[in-house]
Peer 1: 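Take this structure, written in structure tokens, and hold onto it; I'll ask about it next.
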Amino acid sequence: MDNNLSGEDNDNIDWDTEDELEIQEIQDMTFSSCTDLRTTGQHAVSCNGEASSSSVPSQSKFIQQFVMMGFREESIAKAIKQNGENEGLVLDALLTLKALEDSREEQPNTSSQLKPYISSDDSSSEYNENFLDDVYEEESWSSDSDSIYSAKQCYLKDESSSLSEKEHKERLLVNMGYPVEDASIAMERCGPGASLVELTDFIYAAQMAREEDAYLPEDVKPKLGHILNGSGGSMKRKMYNELCKRKKQRVICDEETIRLPKHMIGYGIPTESVSTMVKRTLPEQAIGPPFFYYENVALAPKGVWDTISRFLYDIEPEFVDSKYFCAAARKRGYVHNLPVENRFPLLPFPPCTIHEAFPLTKKWWPSWDTRTHLNCLQTSIASARLTDRIRKAMEDFDGEPPMRVQKYVLDECRKWNLVWVGRNKVAPLEPDEVEMLLGFPKNHTRGISRTDRYKSLGNSFQIDTVAYHLSVLKQKFPDGINVLSLFSGIGGAEIALYRLGIPLKNVISVEICEVNRNIMKSWWEQTNQKGNLIDFDDVQQLDGDCLERLVDSYGRFDLVIGGSPCNNLTGSNRVSRDGLEGKESSLFFHYVRILDLVKLITSR
DNA sequence: GCAATGATGAATATACCC
DNA sequence: GGGTATATTCATCATTGC
């Protein structure tokens, strides 16, 4: 497959030709996404019943010959359904399936066996692709891709539910900013089982491979013309090959799932000695300008960080726990192209233990509560009823309660980040205390409801942590910096830069929540910023045309920073932990889309 | 209508033991 | 190595109260 992508033929890529390549690739990816072939295959037949319903004496004989060859009836029925009673086609499909199963048996219960499938010539024929796509509908990066139940769900779907899912995905793609036509074509070509990643890949590849004006309106073409035309199509080829490389990497990454480090200190923390810091080499295509910085929860469902890394130029995420910067844990992954040498922390260094942060609690803190750090600050707090239950449980005993009560109380305190504020009395943190722990100015979020304050703060950066990473920019931008801030929230990135003493020349901020935008504006005014704050409420507004105009007006972006919504990634979500395909978390792909556009515009 | 409240587990990693 | 226990988690939604 690489041969097809690296040769001269790519200079004059024809969309139809690429279609074939893309279809092959994406179907191969779908192909590779299966997890338990035998189980899913069985469900495919036993649940839809179509194969048996079409049984007639002549077909029974037709089936029998394949049974005699040693194939399972379920697989035969499915192959017939996909290919009709064409002996050659059915046999081909069955052989392919058999090869897959044999390969899987050699390496059970891992995804590493998927690689040979992709290079399998047997999968190249259309009927086999259809057959296998249909049999193996599961998402390659679904968090529950190993679940038999999940697979079963796929096969219990009738036509109507399939259509509904198709519409849902298509709508999602459109909401992500892709043209309706592209979304529709991607759905049609990739099939209903294609994951969102595959669909976006397909569309992206299509747009890259089309004429030079990917995402850019007519009036912008001439401005970028010299980039694309002047290089005789090399840029197009370069980007296309880069995309294909990302896809290829996907297979490799399936084998090498990113694992969280035991001690989340990333490339170093202020208190860690320099000798233990690790130097890194960035992939060439990741090197700025612009610098970029992406953040999300470290404990995302399996495979999410592989996908994030793959879409962000294969940069290894830097996992850091903010407990090294403040009195609360905050395990986050950061993908960025910033230098990692010569970082420096914000001063004064914030209190790093509970007792340092809240000295008044020390008086009431029982000896058996050995916590020194709070857990992650969330978007909601414990109820008064819970703290009252804890008080009553404690008051039943004079002095030290029995172990079972201690355990109950400690479990609740850890779960809800409660602190001791009186005799037998625990309480959740106040909003201004959360502000302090996260490094925000006191009263930063004051003026909105307590619920909203907790929510906005729970979704924000830990300033000291992010500032430590961004500190390397101070030397590079002594006269100020142009920032494209995506999913800005309450302005954590801007505050980090401001506290580092980096002048904010122009900040293009995108934040969907009006309450958060108002907090940001208020901070901007209160701190007498000299630069310009331009805000948008939706990342979809930032298309090529819009970005081009912004660059023309304010100059090129020096930093693209943001953390896309984690709602569908966090373990706290009991309802819709859907991974990167989730309603909110899929906005990550907008970050990628916008970053790619900015890089393109910046390189002209 | 808005804000506050309270009930709702599962996915994942890690530690520990055998 | 495998099984079990334990810890942790930028949340969601229906209900209640004002």
Side-chain angles (χ1 to χ4, degrees), chain A residues 108-109 141-147 149-150 257-264 294-306 319-323 326 328-334 370-371 373-389 407-408 410-418 428-429 431 434-435 437-440 445 447-463 465-466 487-490 492-493 511-516 562-579 582-585 587-588:
Chain A
N109 199 31
W141 47 288
S142 171
S143 60
D144 58 355
S145 59
D146 288 325
S147 163
Y149 172 75
S150 175
T257 303
I258 293 173
R259 296 184 65 85
L260 301 180
K262 187 177 178 182
H263 302 290
M264 289 194 188
Y294 174 81
E295 179 258 13
N296 216 318
V297 290
L299 297 167
K302 273 184 176 177
V304 164
W305 275 106
D306 296 284
F319 292 106
V320 181
D321 189 340
S322 292
K323 72 177 183 181
C326 70
R330 203 168 189 80
K331 300 178 181 70
R332 296 290 180 269
Y334 306 90
T370 56
R371 289 177 297 159
H373 285 83
L374 295 165
N375 279 332
C376 184
L377 303 170
Q378 309 255 25
T379 57
S380 56
I381 61 167
S383 63
R385 186 179 292 183
L386 173 67
T387 55
D388 200 47
R389 278 201 298 268
K407 184 176 186 314
Y408 162 70
L410 267 178
D411 285 349
E412 295 297 336
C413 285
R414 287 197 178 102
K415 183 177 178 183
W416 292 104
N417 266 334
L418 303 173
L429 297 173
V434 179
E435 287 173 345
L437 288 170
L438 292 175
F440 286 91
T445 58
I448 63 175
S449 72
R450 280 170 62 89
T451 308
D452 283 345
R453 291 182 76 180
Y454 285 119
K455 187 177 178 184
S456 295
L457 287 162
N459 284 321
S460 69
F461 287 162
Q462 204 288 326
I463 302 285
T465 310
V466 172
F487 316 105
S488 302
I490 54 177
E511 170 55 40
I512 193 85
C513 175
E514 184 180 4
V515 169
N516 287 345
S564 60
C566 68
N567 310 32
N568 309 117
L569 307 181
T570 173
S572 306
N573 189 339
R574 306 175 185 189
V575 180
S576 55
R577 197 185 188 193
D578 302 326
K583 185 182 173 187
E584 283 82 17
S585 295
L587 292 170
F588 159 71

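Proteins come first, then strands; the chains are lettered A, B, ... in the order of their sequence lines, and each starts at number 1.
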Peer 1: In whole angstrom, give the distance that lies between atom CG of A:D578 and atom P of B:dT12.
Peer 2: 12 Å
Peer 1: Return the value, rounded to whole Å, for the distance between atom CE of A:M264 and atom P of B:dA13.
Peer 2: 10 Å
Peer 1: Could you tell me whether the phosphate oxygens of B:dG6, OP1 or OP2, come under 4.0 Å of any side-chain nitrogen or oxygen in A:R385?
Peer 2: yes
Peer 1: Could you encode protein contacts along nucleotides 13-18 of chain C as a string, one character per nucleotide from 5' to 3', using B for base contact, S for sugar-phosphate-only contact and - for no contact, with a heavy-atom cut-off of under 4.0 Å?
Peer 2: ------
Peer 1: Respond yes when some side-chain nitrogen or oxygen of A:R414 is under 4.0 Å from OP1 or OP2 of C:dT8, and no when none is.
Peer 2: yes
Peer 1: Using a 4.0 Å heavy-atom cut-off, does A:L377 contact any base of the nucleic acid, only the sugar-phosphate backbone, or nothing at all?
Peer 2: nothing
Peer 1: Taking the C1' atom of each, how far is B:dG9 from C:dT6, in whole Å?
Peer 2: 15 Å
Peer 1: Which dot-bracket notation, 5' to 3', represents the base pairing of DNA chain C when pairs are defined as Watson-Crick or G-U with both distances under 3.5 Å, crossing pairs as [ ], and inter-strand pairs as |?
Peer 2: |||||||||.||||||||
Peer 1: For C:dC10, does OP1 or OP2 lie under 4.0 Å from any side-chain N or O of A:R330?
Peer 2: no
Peer 1: Just checking A:C566: base, sugar-phosphate only, or nothing, at a heavy-atom cut-off of under 4.0 Å?
Peer 2: base
Peer 1: Which residues pass the ring pair (Phe, Tyr, Trp, His ring centres under 6.0 Å) test with A:F461, sequence neighbours left out?
Peer 2: none
Peer 1: Please tell me if A:N567 has a side-chain N or O lying less than 4.0 Å from either OP1 or OP2 of C:dT12.
Peer 2: yes
Peer 1: Could you tell me whether A:S564 contacts a base, only the sugar-phosphate backbone, or nothing, with contacts defined as non-hydrogen atoms closer than 4.0 Å?
Peer 2: base
Peer 1: OP1 or OP2 of C:dT9 sitting under 4.0 Å from any side-chain N/O of A:K331?
Peer 2: yes
Peer 1: OP1 or OP2 of B:dA10 less than 4.0 angstrom from a side-chain nitrogen or oxygen of A:N573, does that happen here?
Peer 2: no
Peer 1: B:dT5 phosphate, OP1 or OP2: any side-chain N/O from A:S383 under 4.0 angstrom?
Peer 2: no
Peer 1: If you pin A:G571 and A:A384 to their nearest nucleotides in DNA chain B, which one's is more 5'?
Peer 2: A:A384
Peer 1: With a 4.0 Å cut-off on heavy atoms, is A:T570 in touch with a base, just the backbone sugar-phosphate, or nothing at all?
Peer 2: sugar-phosphate
Peer 1: When you match A:L386 and A:K262 each to their closest nucleotide on DNA chain B, which lands nearer the 5' end?
Peer 2: A:L386
Peer 1: Has A:S572 got a side-chain N or O lying under 4.0 Å from the OP1 or OP2 atom of C:dC10?
Peer 2: no
